[in-house]
Amino acid sequence: MKRTITKSQISDAVEEAYNDCKSISGGVNAHYIPYLANVDSNLFGITVTLPSGETYGFGDTEYRFGIESVSKVPTAILAMRQQSPQAVLDKIGADATGLPFNSIFAILLENDHPSTPLVNAGAITACSMISPNGDSEGKWKAITDNITDLCGSAPELIDELYKSESETNFNNRAIAWLLKNYNRIYDDVTMSLDLYTRQCSLGITTSQLAAMAATIASGGRNPLTGKQIFCPDISARITSLIATVGFYEHTGDWLYTSGIPAKSGVGGGVLGVLPGKMGIAAFAPPLDDAGNSVKAQSAVKAVVSKLGLGIFESDPVEIV
Ligand code: GLN
């Protein structure tokens, strides 16, 4: 028999997760990007959006934080939309690296290959793949329009963060040139790196990220606007990428203990996708040693476990 979960149970679970996790301490703000080091460490918010559009949020759900590596998700989707899922597989790959997000070693180990669009190397390659080729402002518009479509509202560039990252991104510059050496940059190198840095510096809220996650969970249909943004096939592809590498070298431990494919960013955001069921986003700045938000991880995990909705659970569930 199908187990049913009501929307009020979902709302209660999100509120309880917020209350259970709000006093969790531990972790430190990203220190290698000066802007992020200075964000208030006590900020915390969580939002769940259902395929039907209902949204349940608690805490600082309207605070705009740096999207950082969560931006790798929409740009991978855009590369699939503009080219194809096969092109992303051929030009970037879909393998976990098992290494930190900014690993140069991972590129060398893969023998020329960025592995996945969800680590820095693959995300810089993805930015180089976006059309229109050679046109920085056109590409930026495509990247931000895509995020706006996925969220149902626009992100806003945090100028100070963009400046802060551009002045300190020496490791990413090395990655970009190494990829160029291996013919894995499909446009101007400096432009591709700049687009990556700029997209990481977009300000976003948990409300917006939950809508993006729900769009992915709903086969590409944005539940807030009703607009079909991408074809359902892309949902399965992007969710598989998120599942294999979303938390970098902690991804296996995360999936084993949480049961939800999720992607983190060093701004403190986490975006989680339960296919067909819901999108979850949480945010709190202090990070663990792999760059994943300590409190946001606990909150997302708590929602999934309270509702018994992990993707590996075998009992059929219906949200009514
Ligand atoms: N902009 C950051 C970087 O390139 C993003 C890293 C992250 O969020 N994991 O280092």
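When a residue number appears, it is its place in the shown sequence, counting from 1. Both ligands and their constituent atoms are indexed starting at 1 by order of listing.
The pair E156-R64 counts as a salt bridge, with a side-chain nitrogen and a carboxylate oxygen less than 4.0 angstrom apart.
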Ligand 1: protein N/O within less than 3.5 Å of ligand N/O:
residue  : atom   : partner : partner atom : Å
ligand 1 : 1 (N)  : E68     : OE1          : 2.6
ligand 1 : 1 (N)  : E165    : OE1          : 2.8
ligand 1 : 4 (O)  : N120    : ND2          : 3.1
ligand 1 : 4 (O)  : N172    : ND2          : 2.8
ligand 1 : 4 (O)  : Y196    : OH           : 2.8
ligand 1 : 8 (O)  : S69     : N            : 3.0
ligand 1 : 8 (O)  : S69     : OG           : 2.7
ligand 1 : 8 (O)  : V266    : N            : 2.8
ligand 1 : 9 (N)  : S69     : OG           : 2.9
ligand 1 : 9 (N)  : Y248    : OH           : 3.2
ligand 1 : 10 (O) : Y32     : OH           : 2.7

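Here the side chain of Q82 pairs a donor or acceptor atom with the backbone of S131 at under 3.5 angstrom.
Under the 3.5 Å distance criterion, with hydrogens and angles disregarded, no donor-acceptor pair is assigned to the side chains of K91 and T125. For the residue pair S128/S192, the side-chain donor-acceptor check at 3.5 Å is not satisfied. A donor-acceptor contact closer than 3.5 angstrom links the side chains of S153 and Q208.
The side-chain contact (heavy atoms from CB on, under 4.5 Å) search around K7 returns L50, S52, E54, Y56, I319, not counting sequence neighbours.
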